[in-house]
Number of protein chains: 2
Amino acid sequence: MGESRAPAGGATTGTTDDAGPTAEGLAASWPARLRGLAGWLVNKTAVHSHRLNAEAFTAVGSRRFHYALLASLDEFGSSSQADLGRRCGYDRSDVAAMVNELVQAGHVERAQDPADRRRNIIAITPAGRAWLARLDVVAADLQDAFLAPLDARERAELIRLLTRVLEHHTALHGFARDPNPSTH
Amino acid sequence: MGESRAPAGGATTGTTDDAGPTAEGLAASWPARLRGLAGWLVNKTAVHSHRLNAEAFTAVGSRRFHYALLASLDEFGSSSQADLGRRCGYDRSDVAAMVNELVQAGHVERAQDPADRRRNIIAITPAGRAWLARLDVVAADLQDAFLAPLDARERAELIRLLTRVLEHHTALHGFARDPNPSTH
DNA sequence: TGCTAGTGTTGGCGACACCAACGTTGGTGG
DNA sequence: CCACCAACGTTGGTGTCGCCAACACTAGCA
């Protein structure tokens, strides 16, 4: 468990004499307590990732969740909105609006399930598949820009560690308040 | 790239005999495209981190940014609100409201800088230092819970990789739209 | 037949990052 | 001296995001 306690603080001098904000010296401008907190690093990194994602996807007139939903439909096949939300980690409420967008764009089709009239069957259209291929390129470029300062081994290691942490908390807390996959 | 078609209700990875959503089988329920995207992993992980932070800090009647601001004041000494925001990555607008909260709680004091009447000098109070020590414990427990599935070496490696990525994008885009440190 | 549970939809809430404007103040160059 | 620009703090607003509450509808079961 964590043994490190409160680091040395109380530098009440207030004289910040550093002048060069070079890449290495940049981290020094952050409070040491925060620099060592993985949660803080993850949050701040996620902000940058979110900004990069937003820029790249809006540049092609799309959104982040478009890619997530289309990818899920392509890999797992047609799903209900609830399953879609469980797989991608979205709330059912939000999935409804997201699917509306995708339907209006012609990337998916919404049809009532004849076997279970509660459900909507969401299916990806050929146009949606073409769009997904386009977004695959966007995502690949995004990945490369996001992980730019890391080499191949480090990128794989970061993904591995993040996956471990994410799986752990997903198992504990659930993805979208419903840990059970369908298996209906 | 992938044209993997899958039937609707099928758990295609049926080879594993696991019946429950164990840690390893859980990731298989996410779209493969998303599983490999570092940005997606970071964002989802940040959501869990954010939830853990919120739970832990509200449990003691505090907030996440309380810790960040108090830590900055303790380590760098009294600062203006603008410097405070730059160090912790907050917008000046939000810092104003945050400082209001801390002032009302008695953890910091706000005084006009006699040398520069534009600035407010924010200083941590003894009560604020005591509160910071309390929050240090909360943060340490948080770190341990967040990184639970990782051993010491992996934790250090994850922090190192995240720091590299974060520094890179901070240098490129700036932390809070103002890459220049004081250098007044 | 009732009851429970899952589904889709609407609406709202709170946190967060970010931006725009305004009045105030410091510093600088004409 | 005065005009101009830059920085500061404050208010208010915007958009995203995750999440919850309620409702009507339907399926499955005792």
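Order of the sequence lines sets the chain letters (A, B, ...), proteins ahead of strands, with each chain counted from 1. Both backbone and side-chain heavy atoms feed into the values below; hydrogens, waters and symmetry mates do not.
- With sequence neighbours excluded, the residues that form a side chain to side chain contact (heavy atoms under 4.5 Å, CB included) with H66(B) are S62(B), R63(B), E101(B), L102(B), L135(B).
- Among the nucleotides dC17(D), dG6(C), dT11(D), the one closest to any side-chain atom of R119(A) is dG6(C).
- Between H50(A) and dT16(D), a side-chain N or O to OP1/OP2 separation shorter than 4.0 Å is absent.
- For the pair R92(B) and dC22(C), the criterion of a side-chain N or O lying under 4.0 Å from OP1 or OP2 is not met.
- Of the listed nucleotides (dC8(D), dC16(C), dC17(D)), dC17(D) has the atom at the smallest distance from the side chain of R64(A).
- With rounding to whole Å, R51(A) atom CZ is found 18 Å from dT14(D) atom C1'.
- Using a 4.0 Å heavy-atom criterion, one finds that S93(A) contacts the bases of the nucleic acid, with or without backbone contacts as well.
- A heavy-atom distance below 4.5 Å is found between the side chains of L158(A) and L162(A).
- Across C88(B) and K44(A), no two heavy atoms sit closer than the pair O-NZ, 3.3 Å.
- Distance from the side chain of V47(B) is smallest to dG18(D) among dG18(D), dG8(C), dT16(D).
- When the nucleotides dG18(D), dT16(D), dG6(C) are ranked by their closest atom to the side chain of K44(B), dG18(D) comes out on top.
- Contact between R35(B) and I159(A) at its shortest, heavy atoms only, is O-CG2, 4.3 Å.
- In this structure, the NE2 atom of H48(A) is 14 Å from the C1' atom of dC16(C), given to the nearest Å.
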Taking only nitrogen or oxygen atoms into account, show me every contact under 3.5 Å that the protein makes with nucleotides 26-30 of chain D, one pair per line with its distance.
| residue | atom | partner | partner atom | Å |
| --- | --- | --- | --- | --- |
| dT26(D) | OP1 | R117(A) | NH2 | 3.2 |
| dA27(D) | OP1 | R117(A) | N | 3.4 |

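- Side-chain atoms of N120(B) stay outside donor-acceptor range of the base of dC8(D), with no qualifying N/O pair under 3.5 Å.
- You'll find the side chain of V47(B) stays beyond 4.5 Å of the side chain of H50(B), heavy atoms only.
- Taking atom CZ on F65(B) and atom P on dC16(C), their separation rounds to 7 Å, with Å as the unit.
- Taking atom CG on D91(B) and atom P on dG12(D), their separation rounds to 16 Å, with Å as the unit.
- Taking E154(A) as the reference, R160(B), R164(B) meet the salt bridge (charged side-chain N to carboxylate O under 4.0 Å, His left out) condition, with sequence neighbours excluded.
- Along DNA chain D, the nucleotide nearest to V95(B) and the one nearest to M98(A) differ in position, and the one closer to the 5' end is contacted by V95(B).
- Considering only the side chain of N100(A), dT10(C) comes nearest among dT10(C), dC20(D), dG8(C).
- Whole-Å rounding puts the E101(B) CD to dT10(D) P distance at 14 Å.
- Judged by distance alone, with hydrogens and angles left aside, D94(A) brings a side-chain donor or acceptor within reach of the base of dC19(D), the pair sitting under 3.5 Å.
- Regarding Q81(B), its CD atom lies at a distance of 10 Å from the P atom of dT11(D), rounded to whole Å.
- Across the protein-nucleic acid pair, W40(B) atom CH2 and dG18(D) atom P stand 11 Å apart, rounded to whole Å.
- Within the 4.5 Å cutoff, side-chain heavy atoms of R117(B) are placed close to those of Q112(B).
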